[in-house]
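Note on naming: letters A, B, ... go to the chains in the order of the sequence lines (proteins, then strands), and numbering restarts at 1 for each one.
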There are 2 protein chains.
Amino acid sequence: MEKSPRNTKQRRTLAQVFAGADQPLSVEEAWVRVRRLQPRVALGTMYRNVRGLLEQGELAVVHFPGQAARYELEGKAHHHHFECRSCNQAFDLSGCTDKVRFKVPRSFKVHGHEIIVYGLCAKCAAKR
Amino acid sequence: MEKSPRNTKQRRTLAQVFAGADQPLSVEEAWVRVRRLQPRVALGTMYRNVRGLLEQGELAVVHFPGQAARYELEGKAHHHHFECRSCNQAFDLSGCTDKVRFKVPRSFKVHGHEIIVYGLCAKCAAKR
DNA sequence: TGCTAATTGCTAATCATTCTCGTTTAGCAG
DNA sequence: CTGCTAAACGAGAATGATTAGCAATTAGCA
């Protein structure tokens, strides 16, 4: 047989936090939320579980240049992200012009792509 | 008056290495090449100078999810990157379908975007 | 209810990057 | 050409994110 991931309380709480999140969370951001529901969870456990959920395909990574990795529930429609250069928050951008064609050499094998748009979010843009 | 960046030997060698590079280099990759021309350069100095050149607008950063930052000469034509998931090398992709339109809320201010295509490079794809 | 391997909490270790500090040196004044 | 001073250097310690190691817990099946 394969593996048998256990349904621990901290794993459940973590999944619950991501399910209730409206934007990608870093491990530490998630940790803060998890501890509100269940104090005394180790940060290391957070990393382990995030990795676990990631491998099970329940979470997806979102990388922002120069920042800690963030995660969100997998299975959303194909979308990309916006990063505010002022407050560093991450936002989801629905849709992606699928016309995106890149001049990748034929010999290369394309698995996917990632697009990050950056600038200022509404709040930060208003402050100027 | 402003600042006065000194024209040191290590700064010159570093610029020279980037000028001769055909792909984005991480600080450590650049370090290896610099030391071939000039042994006994400290890694910390590499970071300092990369940052300096970056601030002077002579270098541009390229971030690859989960990897150390890479740098390349600034001023190339608008282009994006390909990351090989097997050998982790970075390749330049010329051009960018400028039709790329994202559904960013009007209130957001867009500064730019970054696209990363990932998969297998020619060499790694052939090994399968 | 009991057993055992998966999981946890805690701590030490790693990696990339930045910082500190005493020493060297670019580049201008004399 | 010689001196001076702040910028830059080298070496190593410090930081932040993430992973690994290990003894103590515990989920889940017999």
Rounded to whole Å, please give me the gap between [atom1] in [X] and [atom2] in [N].
X       : N      : atom1 : atom2 : answer
A:Tyr47 : C:dC15 : OH    : C1'   : 13 Å
A:Arg70 : D:dT18 : CZ    : C1'   : 16 Å
A:Arg11 : D:dA27 : CZ    : P     : 13 Å
B:Arg12 : D:dA8  : CZ    : C1'   : 13 Å
A:Arg35 : C:dG9  : CZ    : C1'   : 13 Å
B:Glu55 : C:dT18 : CD    : P     : 10 Å
A:Trp31 : D:dG16 : CH2   : P     : 14 Å
A:Met46 : D:dG16 : CE    : C1'   : 17 Å

Next on the checklist: Using the rule given for side chain to side chain contact (heavy atoms under 4.5 Å, CB included), can you reason through B:Val27 versus B:Tyr71, listing the C-alpha separation, both sets of side-chain angles and the distance that settles it, and then say yes or no?
Outcome noted: CA-CA 8 Å; B:Val27 173; B:Tyr71 305 84; 3.6 Å; yes

May I ask you to verify if any side-chain N or O of [X] is less than 4.0 angstrom from the OP1 or OP2 atom of [N]?
X       : N      : result
B:Gln67 : C:dA16 : no
B:Gln10 : C:dT25 : no
B:Arg40 : D:dA11 : yes
A:Asn7  : C:dA6  : no
A:Thr8  : C:dT7  : no

Item to check | Gap between atom CD1 of B:Ile115 and atom CD of A:Glu114 - 0.5 Å precision | outcome: 10.5 Å

Item to check | Minimal non-hydrogen separation, A:Arg70 against A:Pro24, with atom names | outcome: NH1-O, 3.5 Å

Nucleotide nearest [X] when distance is taken to its side chain, options [options]:
X       : options               : answer
B:Thr45 : D:dC9, D:dT19, D:dT18 : D:dC9
B:Pro5  : C:dT18, D:dA8, D:dA11 : D:dA8
A:Ala42 : C:dA16, C:dT18, C:dG9 : C:dG9

Next on the checklist: Tell me whether B:Arg33 forms a cation-pi arrangement with B:Trp31, defined as NZ or CZ under 6.0 Å from the six-membered ring centre and within 45 degrees of its axis.
Outcome noted: no

Checklist entry - Side chains of A:Gln56 and A:Glu74: donor-acceptor distance under 3.5 Å anywhere? => result no

Checklist entry - Quick one: are the ring centres of A:His113 and B:His80 less than 6.0 Å apart? => result no

Item to check | Earlier contact from the 5' end, DNA chain C, for B:Ala69 and B:Lys9 | outcome: B:Ala69

Checklist outcome for this item: Residue pair A:Gln38/B:Ser26 against DNA chain C: nearer the 5' end by closest nucleotide is A:Gln38

Item to check | Donor-acceptor pair present, A:Arg6 side chain and C:dA5 base, under 3.5 Å | outcome: yes

Checklist entry - Considering Watson-Crick and G-U wobble pairs with both distances under 3.5 Å, what does D:dG16 pair with? => result C:dC15

Checklist entry - Starting at the 5' end of DNA chain D and moving along, which residue's nearest nucleotide shows up first, A:Tyr71 or B:Leu43? => result B:Leu43

Checklist entry - Just checking A:Arg48: base, sugar-phosphate only, or nothing, at a heavy-atom cut-off of under 4.0 Å? => result base

